[in-house]
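For reference, the structure discussed in these notes is given below.
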2 protein chains.
Amino acid sequence: MPTETAPRAFGEKGRRDTRQRRALRDHLAATDAFTSAQQVYDDLRASGDRVGLATVYRTLQAMADAGEVDTLRTDDGETLFRKCGPRHHHHLVCRSCGVTIEIDGPSVERWASKAADDHGFSDVTHVVELFGLCPACTKAAG
Amino acid sequence: MPTETAPRAFGEKGRRDTRQRRALRDHLAATDAFTSAQQVYDDLRASGDRVGLATVYRTLQAMADAGEVDTLRTDDGETLFRKCGPRHHHHLVCRSCGVTIEIDGPSVERWASKAADDHGFSDVTHVVELFGLCPACTKAAG
DNA sequence: CCCATAATGAGAACGATTACCAATCGCTGT
DNA sequence: ACAGCGATTGGTAATCGTTCTCATTATGGG
Ligand SMILES: [Zn+2]
Ligand SMILES: [Zn+2]
Ligand SMILES: [Zn+2]
Ligand SMILES: [Zn+2]
């Protein structure tokens with residue numbers, strides 16, 4: 001337990017419930033697409049909430065550390081955030097509009113675990129994400 | 001076929017076989033760990049090869065575009081490169097030393113394909129990577 | 001209400017990657 | 001072997017997402 005200097009997540013004692021965090025939390029709860037920090041910042045400003053960009057980054061990062069949001073890296077290096085369900089799951093993400101479906105895959109979990117064991121690797125985690133075009137974007141793309 | 005201004009990969013007509021590209025190709029063939037451009041640059045300089053950093057980045061990117069190397073993004077945003085086998089596969093990567101084992105997962109392919117179909121997504125790709133500690137690094141870490 | 005201090009935000013700093021562009025060098029034809 | 005074209009190189013400036021700095025503000029327990 002090192003001395004904590006980083007901003008605390010919503011679930012920890014000592015945190016403060018600020019206007020900015022409420023705005024962020026509400027915004028995340030209202031969309032199911034993976035969204036970049038920059039995009040969240042723009043959305044908040046557009047809806048009249050005054051929140052600094054640094055605060056958006058800080059808070060999203062804190063929420064990610066606390067497991068309150070899932071993260072995803074795009075090909076061009078942007079980190080996307082999304083408020084997801086509590087169970088372990090993976091994502092089927094539309095690469096055009098970001099709309100996301102949570103999917104689970106017990107067979108994948110088993111496969112990953114077995115591969116790790118077979119090769120003597122320890123402390124193994126996995127990254128499993130599916131990217132495609134959602135029905136709406138498929139139609140729009142002709 | 002737009003006019004190509006980017007450097008061409010080894011397999012395309014019109015390319016030139018330069019000292020720098022030979023050095024890069026040889027270096028990649030000699031290691032099985034995922035490596036960053038910066039690391040490749042350092043390794044080449046250490047072995048006496050004079051290759052500019054921009055050239056390392058350019059050439060690795062071109063090889064990645066041509067499918068001659070696989071790429072991977074670390075949590076801290078670095079892109080790693082590795083010369084892999086030609087078949088479709090995934091990776092079991094040591095997060096300490098980078099040593100990598102190519103693994104295949106027919107069950108994962110089927111699962112991914114089914115999930116995409118079930119939700120009406122088209123043009124779906126998947127990212128599946130396993131990260132852990134290899135036997136050697138597990139032992140070293142105590 | 002008070003006040004310690006958590007939190008904010010504007011801007012500087014950062015780090016990986018890319019763009020620029022003048023100097024070089026590989027390749028093809030002579 | 002030679003010349004010329006243009007692909008390639010590489011030092012450096014520019015980009016861009018993200019993090020850091022730190023003076024200022026605002027929360028919430030007492
Ligand atoms: Zn999720
Ligand atoms: Zn879509
Ligand atoms: Zn590979
Ligand atoms: Zn290792």
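Order of the sequence lines sets the chain letters (A, B, ...), proteins ahead of strands, with each chain counted from 1.
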### Task
For residues His126(B) and His90(A), establish whether the separation of their ring centroids is below 6.0 Å.
no

### Query
Rounded to the nearest Å, what distance is computed from the CG atom of residue Asp75(A) to the P atom of nucleotide dG17(D)?
15 Å

### Message
Return the NZ to CG distance between Lys139(B) and Leu133(B), rounded to the nearest 0.5 Å.
### Response
13.5 Å

### Task
If a protein heavy atom is under 4.0 Å from the base, mark B; if only from the sugar-phosphate, S; if neither, -; do that for nucleotides 19-30 of chain C going 5' to 3'.
BB----BBS---

### Query
Taking atom CG of Leu80(A) and atom CZ of Arg82(A), what is their separation to the nearest 0.5 Å?
11.5 Å

### Query
Do Thr71(B) and Thr79(B) have side-chain N/O donor and acceptor atoms under 3.5 Å apart?
no

### Query
Just wondering, do Lys83(A) and Arg25(A) contact through their side chains at under 4.5 Å, heavy atoms?
no

### Message
Expressed as a whole number of angstroms, how long is the span from Leu44(B):CG to dT9(D):P?
### Response
12 Å

### Query
Which residue pairs pass the salt bridge (Lys or Arg N to Asp or Glu O under 4.0 Å) test with at least one member in residues 114-126 of chain A, sequence neighbours excluded?
Lys114(A)-Asp118(A), Asp123(A)-Arg95(B)

### Message
So Cys134(A) and Cys97(A), do their side chains get closer than 4.5 Å, heavy atoms only?
### Response
yes

### Task
Using atom CZ of Arg21(A) as one end and atom C1' of dT25(D) as the other, report the distance to the nearest whole Å.
14 Å

## Note on the structure
Taken to the nearest whole Å, CG/Leu60(A) to C1'/dT18(D) is 12 Å

For residues 27-34 of chain B, tabulate all N or O donor-acceptor pairs below 3.5 Å that involve a side-chain atom, not counting sequence neighbours.
residue  : atom : partner  : partner atom : Å
His27(B) : NE2  : Asp43(B) : OD2          : 3.2
Thr31(B) : OG1  : Ala33(B) : N            : 3.3

Just the table, please: protein N/O against nucleotides 14-17 of chain C N/O, every pair under 3.5 Å.
residue : atom : partner  : partner atom : Å
dT17(C) : OP1  : Thr79(B) : N            : 2.8
dT17(C) : OP1  : Thr79(B) : OG1          : 3.1
dT17(C) : OP2  : Tyr57(B) : OH           : 2.7

### Task
Would you work out how much the helix from dC1(C)-dG30(D) to dT30(C)-dA1(D) bends between its ends, with each end axis defined by five base pairs, to 10 degrees?
40°

### Query
For the atom pair CZ (Phe81(B)) and OG (Ser36(B)), what is the distance rounded to the nearest 0.5 Å?
8.5 Å

### Task
Specify the separation, in whole Å, of atom CZ of Arg45(B) and atom C1' of dG10(D).
11 Å

### Task
Send over the distance from Gln39(A) CD to dC16(D) P, rounded to a whole Å.
17 Å

### Task
Hey, could you give me the CD/CG distance between Glu102(A) and Asp104(A), rounded to the nearest 0.5 Å?
9.5 Å

### Message
Other members of the hydrophobic cluster containing Val99(A), with the 4.5 Å side-chain heavy-atom rule, please.
### Response
Leu92(A), Ile101(A), Ile103(A), Val108(A), Trp111(A), Phe121(A), Val124(A), Val128(A), Leu130(A), Leu92(B), Val99(B), Ile101(B), Ile103(B), Val108(B), Trp111(B), Phe121(B), Val124(B), Val128(B), Leu130(B)

